[in-house]
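Indexing begins at 1, ligand by ligand and atom by atom, following the structure's order.
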Amino acid sequence: MKKIIVIGASGQIGSELTMELRNRFGNDNVIAGDIKNASHDVMNSGPFEIIDVMNENRLEEIIRLHNIDQVYLLAAMLSGNAEKNPKKAWELNMKSLLSILDMAKSGGLLKKVFWPSSIAVFGPTTPRENTPQLTIMEPSTVYGISKQAGERWCEYYFNKYGVDVRSVRYPGLISYKTEAGGGTTDYAVEIFYEAIKSGKYECFLKENTALPMMFMPDAIRGTIDLMESDPAKVKIRSSYNLSGISFTPKELAGEIKKHIPEFTVTYKPDFRQQIAESWPASIDDSDARADWGWNCEYNLASMTEIMLREVKKKLDLVQVTL
Ligand code: SER
């Protein structure tokens, strides 16, 4: 039986990915790791370790201790936060990846690695609509530069050392279990909380800024599908384009208004507007579809309906506990 570790298990993706991996492969076979405690569900359903990814020795110790053969490395600093702390973001995002790739070199401890890339690898000179898998990539954010460099390292370690590393370029991820932090696409999560709490939201992007997004259940299923695919099908070892739902803040607000007619949004773009404008509006994911059968299930309407229902449940629960 494989032994998996999710590094970054208290984050937006990690909290849900850990639970789904435990469902599929058994609670004791999936170790959760993070620099801080994770959600109640994650902490109480299986093993948990405090890990600082900057501490390579400790990382290796945990991997040996639990006989880990697969890693999902999710710890990273997102685009907005990275702009405020460029050097720290670069160090965190790069060092953690290189440490893990080294542990996965032939004959090493690890047999398989998942590392997420992002739509941030694209830049202002990239074609914005239906952005192809292979195209001009001149990222203008520190986060994007670290993801672009990371993709190169992944492909390099695959070609040179035979490391079975797999990756997708996540779009903005929308979820209700754990909030994102420090990203440019975070407005698409915050908006649901504010719609329910106060009926109004001040958006940090302009109303017509389209960005590629995806509902978390699609992202989790796609990630595990890629990791479980026959290695021969994984033809791209940098990172796969993955498309979900593309929309603007105005379109999302319109969809929420169908459920909450009095909901209003005002627009006050900040530094993240420029980041958003440098990213694609929509993504061509035909390689992921052809190579390992990726498909997206949720659309704007179905995602919005579930988000409103689940965020409301969560906020009601907070009210009851108070
Ligand atoms: N959601 C991320 C961000 O906004 C993009 O990968 O930084």
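- Every residue meeting the side chain to side chain contact (heavy atoms under 4.5 Å, CB included) condition with I245, not counting sequence neighbours, appears here in chain and number order: F247, L300, M303.
- With salt bridges taken as basic N to acidic carboxylate O contacts below 4.0 Å, one links E255 and K258.
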Under 3.5 Å, which donor-acceptor pairs link side chains of residues 24-36 to any protein atom two or more places apart or in another chain?
{"from": "R24", "atom 1": "NE", "to": "E20", "atom 2": "OE2", "distance (Å)": "3.0"}
{"from": "N27", "atom 1": "ND2", "to": "S45", "atom 2": "O", "distance (Å)": "3.0"}
{"from": "N29", "atom 1": "ND2", "to": "F25", "atom 2": "O", "distance (Å)": "2.8"}
{"from": "D34", "atom 1": "OD1", "to": "S10", "atom 2": "OG", "distance (Å)": "3.3"}
{"from": "D34", "atom 1": "OD1", "to": "K36", "atom 2": "N", "distance (Å)": "3.2"}
{"from": "D34", "atom 1": "OD2", "to": "A9", "atom 2": "N", "distance (Å)": "3.2"}
{"from": "D34", "atom 1": "OD2", "to": "S10", "atom 2": "N", "distance (Å)": "2.9"}
{"from": "D34", "atom 1": "OD2", "to": "S10", "atom 2": "OG", "distance (Å)": "2.7"}

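- More than 12 heavy atoms of other residues, nucleotides or ligands shown are found within 6.0 angstrom of NZ on K2.
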N or O contacts of ligand 1 with protein under 3.5 Å, please list pair by pair.
{"from": "ligand 1", "atom 1": "1 (N)", "to": "T185", "atom 2": "OG1", "distance (Å)": "2.8"}
{"from": "ligand 1", "atom 1": "4 (O)", "to": "S79", "atom 2": "OG", "distance (Å)": "3.4"}
{"from": "ligand 1", "atom 1": "4 (O)", "to": "T184", "atom 2": "N", "distance (Å)": "2.6"}
{"from": "ligand 1", "atom 1": "4 (O)", "to": "T185", "atom 2": "N", "distance (Å)": "3.2"}
{"from": "ligand 1", "atom 1": "4 (O)", "to": "T185", "atom 2": "OG1", "distance (Å)": "3.4"}
{"from": "ligand 1", "atom 1": "6 (O)", "to": "S118", "atom 2": "OG", "distance (Å)": "2.6"}
{"from": "ligand 1", "atom 1": "6 (O)", "to": "Y143", "atom 2": "OH", "distance (Å)": "3.2"}
{"from": "ligand 1", "atom 1": "7 (O)", "to": "S79", "atom 2": "N", "distance (Å)": "3.1"}
{"from": "ligand 1", "atom 1": "7 (O)", "to": "S79", "atom 2": "OG", "distance (Å)": "2.6"}

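- Residue-environment remark: NZ (K88) stays at or below the threshold of 12 foreign heavy atoms within 6.0 Å.
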Considering only distance and modelled atom types, tabulate donor-acceptor pairs under 3.5 Å from the side chains of residues 71-81, sequence neighbours left out.
{"from": "S79", "atom 1": "OG", "to": "T184", "atom 2": "N", "distance (Å)": "3.2"}
{"from": "S79", "atom 1": "OG", "to": "T184", "atom 2": "OG1", "distance (Å)": "2.8"}

